[in-house]
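Accompanying notes for the structure given below.
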Amino acid sequence: MASLTERPAVPVRAPRGTELSCKGWPQEAALRMLMNNLDPDVAERWEDLVVYGGSGKAARSWEAYHTIVRTLRRLESDETLLVQSGKPVGVFRTHPDAPRVLIANALLVPEWGDWEHFRRYEAMGLTMYGQMTAGSWIYIGTQGILQGTYETFGACARKHFGGSLAGRLVLSAGLGGMGGAQPLAVTLNGGVGLFVEIDRERIERRLRLRYVDRATASLDEALGWADEARRRREPLSIAVHGNAAEVHPELARRRARFDVVTDQTSAHDVISGYIPAELTVEDARALRARDPEAYRKRAYESIAVQMRAMLELQRAGAILFDYGNNFRQEAQNAGVADFSYPGFVPAFIRPLFCEGQGPFRWVALSGDPEDIYVTDRALMDALPENEPLVRWLRLARERVTFQGLPARICWLGYGDRARAGLIFNDLVARGAVKAPIVIGRDHLDSGSVASPNRETESMRDGSDAIADWPVLNALLNTAAGATWVSVHHGGGVGIGYSIHAGMVAVADGTPDAARRLERVLTTDPGTGIMRHADAGYPEAVAAARRHGIDLPGITA
Ligand code: NAD
């Protein structure tokens, strides 16, 4: 038997079916979702407990992982487990409607809230980087970001190209856990895209999952394919094996014309996430371990080179936007200052946030894909007037390969989320699906994040860095009875740049679950409308009035 302090001999995979190893479905759901985050088909590096986003982990160490699993198995239905940066630290008697797990990840007091202090505490074994859904056990593979990425490129197409990317050429880099969604999101919007990635294994993974159509290491070949597809107005995604700090300047030198340029390398974490020019992935790993300072210097030099090339492509006519990886900030840290372009949230997403809309997701604990198809149909039947949603659910069924437990994502707003929760709970109660459904969301949501370089960039009232909002979101979701709730520091943009909260609720078919779901799936998007109404967005004030949300001082 493998030791309970070490990496398991065989990869981790969540149990399927209806047999419980815990004392109730809520605990079982937490257990399965923790394990699902580490499933080799889901996690980018399960051996190191890394789920996605550079170094986003599900548990601090293998010992902590095994202890969480053991504790969830003995946890009573009126107890709450506390997890401090990936390590289980306490179990307290609470009550059946309270969360079964409460999680805090990577939080540091503000003056110490930088990578340097974080790394020091991490090396002392005191903390862990939880990214967003990695350390809060609701990552569902690249699909999790696919609809958001699809919506973002769709909004970009509506704003700049008459509604479609047909005949348009997109350039980006990074085909990791999140960035890997870009090629499919571009082709689903009808466009052609070049995606530069230095790690051949990541490219092969995206080819296998059908997120990218073709791959080559030859820039001539890639540009030839792209030109052809663009002329025929046929969607095509091409992975280019290479380093963006080398490929992008070459593209600028050749005066290649792009319509849209963005980036999803893990630039938010310069040392673990961005690979400097002229290094293979293995060279980078060795240099990082041998001389992190030299690594940082080379990474910053490369970020500056890549940024200058992207700015040249912008001057040649491309729409340039930041895709949530703190690239602008790190380019500034690297000494490039003469630029101005928006992040994707103010450019494309904020109107959705004002309505409480965001990335709603759910997972079939049975492990049976048919359960997800049943939920897809139930949602299409309930919301036939929501055409984008119906189109998305059809496309997703056709094009999305499940990773780990079958799951679905779609952007839903206030009212519809609670409705969906009750519909799913009813499906479980009636036996129309084979086991309970877990409902959660990304932390990149309407009311759950403070992130001045991303979700809360350029807020109307200047409240970009006010971090009370995600904390209120987490506190309220706890009071409303979510199954697990988390508060994190860092996430997509790195330590020092954001505070955000997660929540997950389980539909186990019981009337108690129905009450909790209705409450939590109302409070959660409700805090998004509240946050944006407070910032003075008229759309959010109107949404609050329409839904009868009680916002003293605003709707009174
Ligand atoms: P990841 O670490 O899994 O993938 C990053 C990829 O970039 C890797 O495959 C790596 O090989 C590649 N890469 C690094 N440097 C490169 C270079 N110089 N040239 C070419 N390829 C290079 O990370 P991820 O989960 O895909 O996330 C990517 C970034 O997006 C992160 O900064 C993350 O925080 C951010 N993010 C964005 C959103 C969003 O909604 N837009 C959401 C979450 C995270």
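One-based numbering, in listed order, for ligands and for the atoms of each. When reading the values below, keep in mind they use all heavy atoms of this one structure, side chains included, and skip hydrogens, waters and symmetry mates.
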Exercise for the section: State whether a side-chain donor-acceptor pair under 3.5 Å links Tyr211 with Thr401. Expected result: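 Tyr211 vs Thr401: no donor-acceptor pair found between side chains.
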
Handout entry: Donor-acceptor pair between Asn325 and Gln264 side chains, under 3.5 angstrom
Key =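 Not at all, the side chains of Asn325 and Gln264 share no donor-acceptor pair under 3.5 Å.
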
For residues 190-197, run the donor-acceptor check on the side chains, cut-off 3.5 Å, and write out each pair with its distance to 0.1 Å, sequence neighbours left out.
unit_1	atom_1	unit_2	atom_2	d
Glu197	OE1	Leu175	N	2.6
Glu197	OE2	Asp199	N	2.8

Handout entry: side chain to side chain donor-acceptor pair (under 3.5 Å), paired with Tyr537, selected from Arg350, Arg531, Glu355
Key =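 Option passing the side chain to side chain donor-acceptor pair (under 3.5 Å) with Tyr537: Arg350.
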
Problem - Under 4.0 Å from ligand 1, counting heavy atoms only: the protein residues, by chain and number - result: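 Lining ligand 1: Tyr52, Gly53, Gly54, Gln131, Ile145, Gly174, Gly176, Gly177, Met178, Gly179, Val196, Glu197, Ile198, Asp199, Arg202, Gly242, Asn243, Ala244, Gln264, Thr265, Ser266, His268, Gly273, Tyr274, Ile275, Tyr323, Gly324, Asn325, Phe344, Leu444, Arg454, Gly492.
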
Exercise for the section: Just say parallel, tilted or perpendicular for the rings of His488 and His443, cut-offs at 30° and 60°. Expected result: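 Rings of His488 and His443: perpendicular, over 60°.
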
Practice task
Look at the rings of Phe353 and His532 and say which category their plane angle falls in: under 30° parallel, 30 to 60° tilted, over 60° perpendicular.
Solution key: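 Tilted: the ring planes of Phe353 and His532 meet at 30° to 60°.
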
